[in-house]
Amino acid sequence: MFRNRVKHISWFVYESFARTVGYRQPHRLAVKPSPNIRLPVALSLALPFFSSKNTSLTKVNEHDLDVDNEKVVLQQKLIEADQLFLANKYEDVVRLLVDYKDKNDVQVLWRLSKAEYNMSLDENISKEKKKSLISSAHESIIKALNIDSNISEVHKWAAVLIDAYSNINLGIKEQLLKLETVKFHLQMALELNPKDPLIRYMIGYWCYNLADISWFRRKLGSIIFGTEIPESTYEEALEYFREAESIQPKFYCKNLLMLGKTFLKMDNKFSAEYYLKLVTQYPVKTVEDHQAKIEAEKILKSSF
């Protein structure tokens with residue numbers, strides 16, 4: 001019983017969060033500039049004696065042009081990748097950026113992680129393919145973290161992939177131990193980008209699912225696995241959901257759904273009904289929208 005319950009702690013998995021493009025927040029492109037390239041100057045004093053100064057300068061200028069052209073091309077590809085995300089074309093994102101995977105560019109790596117994770121959510125792929133995609137995405141985001149840990153999107157997707165990777169490759173005890181790591185990366189993402197409503201939603205979801213574990217199951221889990229399960233409250237979850245909504249009203253159908261469910265847990269049926277009805281009226285454009293609407297309708301039917 002407890003093992004089944006613990007699986008639900010892995011909130012990124014059952015939430016299918018990674019289709020976050022569905023909430024339609026405009027992407028902010030933050031392409032990290034490459035460091036200045038030091039041009040070769042060795043033997044520059046001797047060049048006039050060999051009548052080759054003009055030729056060498058021409059070669060240097062051509063090298064500069066090549067580097068600049070590469071930067072422009074990559075920036076264009078990143079912009080195109082973000083547009084493909086909005087259209088839920090994750091495989092196209094991978095095809096677009098995969099040749100840059102070994103360039104150690106953080107902006108490429110977190111986008112590849114995001115795309116491969118979204119691909120792993122396809123219900124029609126095999127378990128082996130799902131595991132392969134998550135493992136590849138996890139590898140890319142850890143590499144991005146090691147290169148630059150001051151980017152909000154890197155921490156956001158680190159939280160997603162660390163959770164997903166532990167769910168498919170580690171035991172329950174290790175999954176429980178990773179929960180605090182997931183929370184850490186979410187908090188870092190929020191610190192780096194406090195205006196992103198989705199991060200607040202994600203932390204709220206983390207809090208909600210931990211608050212939803214009964215005292216008995218929590219105690220049983222600590223005995224069986226020898227580790228304490230992190231704690232949270234519905235009040236804490238509600239605060240994050242409400243803050244997300246205040247930043248960008250109705251930005252995400254799942255945030256409205258969780259507001260309704262949290263209010264219901266807190267015996268505030270009036271507010272719960274209000275938000276659940278908003279979900280049923282939400283424009284259905286994605287699978288997530290459809291799933292949220294069905295769940296809201298079921299709750300309204302059974303609880304009101």
Should Ser166 and Glu174 count as side-chain neighbours, where that means a heavy-atom distance under 4.5 Å?
no
Non-hydrogen atoms of Ala81 and Leu96 that approach each other most closely:
N-CD2, 3.7 Å
To the nearest 0.5 angstrom, please state how far the CG atom of Leu121 sits from the CE atom of Met119.
11.0 Å
Is the cationic atom of Lys250 (NZ for Lys, CZ for Arg) positioned less than 6.0 Å from the six-membered ring centroid of Tyr282 and within 45 degrees of its normal?
no
In Å, rounded to the nearest 0.5 Å, how long is the span from NZ of Lys183 to OG1 of Thr181?
12.0 Å
Are Met266 and Trp215 linked, directly or through other ILVMFWY residues, by side chains that come within less than 4.5 angstrom of each other?
yes
Is Asp289 salt-bridged to Lys254, cutoff N-O under 4.0 Å?
no
Can you list every ring-ring contact (aromatic ring centres under 6.0 Å, His included) pair that touches residues 283-304, not counting sequence neighbours?
none
Out of curiosity, does Tyr208 fall in the hydrophobic cluster containing Tyr274 (side-chain heavy atoms, cut-off under 4.5 Å, transitive links)?
yes
Tell me if the NZ atom of Lys143 is crowded by more than 12 foreign heavy atoms within 6.0 Å.
yes
Polar side-chain atom of Asn169 near backbone of Tyr165 as donor-acceptor pair, under 3.5 Å:
yes
Could you tabulate the donor-acceptor pairs under 3.5 Å formed by side-chain atoms of residues 135-142, not counting sequence neighbours?
from	atom 1	to	atom 2	distance (Å)
Ser135	OG	Lys131	O	2.9
Ser136	OG	Lys101	NZ	3.2
Ser136	OG	Glu116	OE1	2.9
Ser136	OG	Glu116	OE2	3.0
Ser140	OG	Ser136	O	3.3

Which value, rounded to the nearest 0.5 Å, describes the distance between Leu97 atom CG and Trp110 atom CH2?
10.0 Å
Is Gln248 close to Leu198 at the side-chain level, that is, under 4.5 Å between some pair of heavy atoms?
no
For residues Tyr234 and Cys207, determine if any side-chain heavy atom of one lies less than 4.5 Å from a side-chain heavy atom of the other.
no
Going through the distances and angles, do Lys77 and Ile79 end up as a side-chain contact (heavy atoms from CB on, under 4.5 Å)?
CA-CA 5 Å; Lys77 286 183 180 295; Ile79 294 173; over 6 Å; no
Between Gly260 and Tyr275, which heavy-atom pair has the shortest distance, and what is it?
N-CB, 3.7 Å
Can you check whether Ala189's main-chain N or O pairs, donor with acceptor, with Asn193's side chain at less than 3.5 Å?
no
For Arg111 against Phe85, the heavy-atom pair lying closest together
O-CZ, 3.3 Å
Rounded to the nearest 0.5 Å, what's the gap from CG on Leu238 to OG1 on Thr262? Could you check?
6.0 Å
Do Ile134 and Asn167 have side chains that approach each other closer than 4.5 Å (heavy atoms only, starting at C-beta)?
no
Taken to the nearest 0.5 Å, the spacing of Ser152 OG from Ile199 CD1 works out to 3.5 Å
Could you work out, with salt bridge (Lys or Arg N to Asp or Glu O under 4.0 Å) as the rule, every residue matching Glu243, not counting sequence neighbours?
Arg200
After noting the C-alpha distance and the side-chain angles of Asp196 and Lys156, does the key distance pass the side-chain contact (heavy atoms from CB on, under 4.5 Å) rule?
CA-CA 11 Å; Asp196 185 345; Lys156 181 195 291 186; 2.8 Å; yes
Excluding sequence neighbours, so at least two apart, what forms salt bridge (Lys or Arg N to Asp or Glu O under 4.0 Å) with Arg242?
none
Looking at side-chain heavy atoms only, is the closest gap between Gln107 and Ile151 below 4.5 Å?
yes
Identify the two heavy atoms, one from Val279 and one from Ala292, that lie closest to each other, and give their separation to 0.1 Å.
CG1-O, 3.4 Å
Just how far is it from atom OG of Ser232 to atom CD1 of Ile203, taken to the nearest 0.5 Å?
10.5 Å
Say whether Leu177 and Ile162 are linked into one hydrophobic cluster, either directly or through other cluster members, by side-chain heavy-atom distances under 4.5 angstrom.
no
Test item: Ile229 and Leu210 side chains (from C-beta on) under 4.5 Å apart, heavy atoms
yes
Does the side-chain contact (heavy atoms from CB on, under 4.5 Å) test come out yes or no for Ile213 and Glu231, once each step is laid out?
CA-CA 9 Å; Ile213 301 174; Glu231 297 185 19; over 6 Å; no
Of all the heavy-atom pairs spanning Ala296 and Thr280, show the shortest one and how long it is.
CB-CG2, 4.1 Å
Given the rule that I, L, V, M, F, W and Y join up when any side-chain heavy atoms are under 4.5 Å apart, are Leu192 and Leu109 in one cluster?
no
Tightest non-hydrogen contact, residues Leu84 and Val93, listed as CB-CG2, 3.6 Å
Between Glu245 and Phe251, does the side-chain contact (heavy atoms from CB on, under 4.5 Å) criterion hold? Intermediate values first, please.
CA-CA 7 Å; Glu245 201 64 24; Phe251 75 102; 4.0 Å; yes
Look only at the side chain of His185 and the backbone of Trp157, and say whether a donor-acceptor pair between them is shorter than 3.5 Å.
no
Sub-4.5 Å side-chain heavy-atom contact between Tyr117 and Leu133:
no
Apart from Met188 itself, what residues make up its hydrophobic cluster, given side-chain heavy atom links below 4.5 Å?
Phe184
Is it the case that Tyr90 and Asp122 place a side-chain donor and acceptor less than 3.5 Å from each other?
no
According to a 4.5 Å side-chain heavy-atom criterion applied to Ile, Leu, Val, Met, Phe, Trp and Tyr, with indirect links allowed, do Tyr201 and Ile247 form part of one hydrophobic cluster?
no
With a 4.5 Å cut-off on side-chain heavy atoms, are Glu180 and Val182 touching?
no
Does atom CD (Gln187) have a neighbourhood of more than 12 heavy atoms from anything else shown, all under 6.0 Å?
yes
Selection residues 291-304 - residue pairs positive for salt bridge (Lys or Arg N to Asp or Glu O under 4.0 Å), sequence neighbours left out:
Lys261-Glu295
For residues Glu288 and Tyr252, is any side-chain donor paired with an opposing acceptor at under 3.5 Å?
yes
